[in-house]
Participant: 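Dumping the structure here so I can ask a few things about it.
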Amino acid sequence: MSEDGLPDPATEAFVRHRRLLFTVAYEMLGSAADAEDVLQETWLRWAGVALETVREPRAYLVRIATRQALGRLRTLSRRKEDYVGPWLPEPLLTTPDVAEDVELADSVSMAMMLVLETLAPTERAVFVLREVFGLGYEEIAEAVEKSPAAVRQIAHRARSHVAARRPRGAVTAAETRAALGAFRRALETGDLQGLLDLLAPDVVALSDGGGIKQAMPRPVVGADKVARLLAAGVAAFGPLMTAEPTRVNGHPALLMRIDGEVEMVVAMRIDDGLVTGLYSVRNPQKLTRMEHETPLGR
């Protein structure tokens with residue numbers, strides 16, 4: 001605070017761009033907890049900057065956050081090597097405006113976040129800054145400490161990599177809600193054939209328990225195996241489990257509760273009208289943001 005009680009310019013700029021900075025860090029890391037740590041580190045560095053030397057606070061802050069996220073991403077990669085079972089991004093209960101920004105919602109979807117996991121750290125940073133946030137190559141070059149020419153090459157390589165792996169064709173929120181509704185009804189009634197009708201033949205189910213909650217230790221592939229697994233899981237919990245529609249990472253999802261307590265989040269990837277990816281997060285350390293909305297923005 002300044003002497004007159006108003007926010008000082010450094011604080012004002014940071015608060016104004018906080019949502020953007022969190023989103024950049026989250027898209028690079030897939031972890032809200034780590035993204036918050038990046039924001040703290042960004043603030044500490046920003047607070048020591050002589051503002052008269054900064055032409056564009058937004059670009060400068062993004063540069064700091066990107067560098068901090070890149071350093072943390074390399075540490076996180078080592079942590080994932082020791083992770084028990086499949087690793088899934090930390091799901092976020094998002095505000096309605098995220099879904100209205102189609103490009104942003106697409107970029108933070110569980111399916112897309114898993115695609116981003118297949119990029120090298122610098123490729124991921126370049127892709128996110130260029131394709132999601134629209135930064136120029138010169139700005140990105142400063143953030144990742146590469147030449148603009150190198151950044152252009154990295155961006156091209158990352159775009160090709162993502163294009164080959166991202167969901168095929170646009171899926172509307174209404175289509176996703178319809179698929180989730182049918183999925184929920186099939187689970188509640190134990191309708192195995194109903195589940196099979198929703199699943200692509202090569203559907204992949206991933207479950208993240210983090211070694212804390214019981215989960216599938218490896219991906220389960222194939223409609224028949226996935227449907228039987230889901231039916232058995234529902235039978236085990238019985239009427240204690242409820243499934244409520246919600247919005248996770250900008251897309252419709254299911255929030256599963258047992259005796260009113262959050263048990264897991266289920267999100268989907270849909271291609272050509274069928275579920276090709278089923279993502280269940282059970283690790284309680286990743287479900288802390290399921291009771292309160294997390295604002296995202298560009």
Side-chain angles (χ1 to χ4, degrees), residues 22 25-40 69 72-94 108-118 180 183-184 187 203-221 225-269 275 277-294 296:
F22 176 87
Y26 175 73
E27 290 211 28
M28 286 182 61
L29 300 169
S31 163
D34 285 288
E36 291 288 1
D37 287 344
V38 164
L39 284 192
Q40 291 287 341
R72 189 165 285 265
L73 184 57
R74 295 180 179 107
T75 302
L76 196 57
S77 297
R78 291 192 293 272
R79 202 191 310 165
K80 289 174 190 173
E81 292 175 3
D82 299 322
Y83 198 78
V84 178
W87 184 94
L88 289 172
E90 181 178 352
L92 303 178
L93 190 66
T94 45
V108 297
S109 70
M110 294 292 278
M112 188 61 176
M113 293 289 284
L114 283 172
V115 173
L116 294 180
E117 283 293 311
T118 65
L180 276 167
F183 179 80
R184 180 186 178 190
L187 285 179
V203 62
V204 177
L206 299 173
S207 181
D208 180 342
I212 301 171
K213 286 293 188 87
Q214 184 178 0
M216 298 175 290
R218 60 190 62 85
V220 176
V221 182
K225 288 182 180 178
V226 171
R228 291 183 186 281
L229 184 72
L230 290 170
V234 171
F237 289 113
L240 292 176
M241 178 176 280
T242 60
E244 60 188 68
T246 189
R247 189 172 295 279
V248 169
N249 289 47
H251 292 268
L254 289 178
L255 183 61
M256 317 292 282
R257 297 178 184 270
I258 294 180
D259 284 341
E261 297 295 322
V262 174
E263 177 64 21
M264 76 175 96
V265 167
V266 178
M268 293 179 175
R269 168 174 170 161
V275 177
L278 195 61
Y279 315 119
S280 306
V281 179
R282 296 195 68 199
N283 183 346
Q285 295 176 349
K286 294 186 177 183
L287 297 175
T288 60
R289 289 176 177 258
M290 284 298 102
E291 302 288 4
H292 305 285
E293 292 177 336
T294 298
L296 301 175

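Bear in mind that the values here come from a model prediction, so they are computed numbers and not experimental data.
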Participant: Can any side-chain N or O of N283 pair as donor or acceptor with the backbone N or O of D208 at less than 3.5 Å?
Facilitator: no
Participant: Whether the side chain of R184 engages the backbone of A243 through a donor-acceptor N/O pair (distance < 3.5 Å, no angle test) should be reported.
Facilitator: yes
Participant: Taking side chain as C-beta onward, heavy atoms only, is V248 less than 4.5 Å from V281?
Facilitator: no
Participant: Would you mind reporting whether P91 and K286 have side-chain heavy atoms less than 4.5 Å apart?
Facilitator: yes
Participant: If we check side chain to side chain contact (heavy atoms under 4.5 Å, CB included) with E36, which of these qualifies: V38, D34, L39?
Facilitator: L39
Participant: Indicate the atoms forming the closest heavy-atom contact of V108 with N249, along with that distance.
Facilitator: O-ND2, 2.7 Å
Participant: Would you say the side chain of M216 lies within less than 4.5 Å of the side chain of P86, judging by non-hydrogen atoms?
Facilitator: no
Participant: Provide the closest heavy-atom pair for A267 versus M110 in the form atom of the first, atom of the second, distance.
Facilitator: CB-CG, 3.7 Å
Participant: Just so I know, are the side chains of K213 and M264 near enough to count as touching, which here means a heavy-atom distance under 4.5 Å?
Facilitator: no
Participant: Which distance, rounded to the nearest 0.5 Å, do you find between the OG of S109 and the CE of M268?
Facilitator: 14.0 Å
Participant: Please identify each residue that fulfils side chain to side chain contact (heavy atoms under 4.5 Å, CB included) with L93, with sequence neighbours left out.
Facilitator: T246, M290, E293
Participant: Would you say Q285 has more than 12 foreign heavy atoms packed within less than 6.0 Å of its CD?
Facilitator: no
Participant: Would you indicate whether E244, at its atom CD, is surrounded by more than 12 heavy atoms from other residues, nucleotides or ligands within a distance under 6.0 Å?
Facilitator: yes
Participant: How far does NZ of K80 sit from OG1 of T75, to the nearest 0.5 angstrom?
Facilitator: 11.5 Å
Participant: If you look only at distance, which donor and acceptor atoms sit under 3.5 Å apart when one is on a side chain in residues 225-233 and the other is two or more places apart or in another chain?
Facilitator:
residue, atom, partner, partner atom, Å
R228, NE, D224, OD1, 3.2
R228, NE, D224, OD2, 3.1

Participant: Say you draw a straight line from CG of L76 to CE of M28; how long is it, rounded to the nearest 0.5 Å?
Facilitator: 11.0 Å
Participant: Which heavy atom of L88 sits nearest to which heavy atom of S280, and what is that distance?
Facilitator: CD1-O, 3.5 Å
Participant: Of all heavy-atom pairs between L29 and A35, which one has the smallest distance, and what is that distance?
Facilitator: CD1-N, 4.0 Å
Participant: Output all residues satisfying side chain to side chain contact (heavy atoms under 4.5 Å, CB included) with I258, sequence neighbours left out; order by chain, then residue number.
Facilitator: F237, L240, M241, E263
Participant: Are E90 and T288 packed together at the side-chain level, in the sense that at least one heavy-atom pair is separated by less than 4.5 angstrom?
Facilitator: yes
Participant: Within the 4.5 Å heavy-atom criterion, are Y26 and L92 side-chain neighbours or not?
Facilitator: yes
Participant: Do you know the tightest heavy-atom contact between V115 and T118?
Facilitator: O-OG1, 2.5 Å
Participant: Quick one: are L180 and P245 in side-chain contact, heavy atoms under 4.5 Å?
Facilitator: no
Participant: List the atom of L114, the atom of Y279, and the distance in Å for their closest heavy-atom pair.
Facilitator: CD1-CE2, 3.4 Å
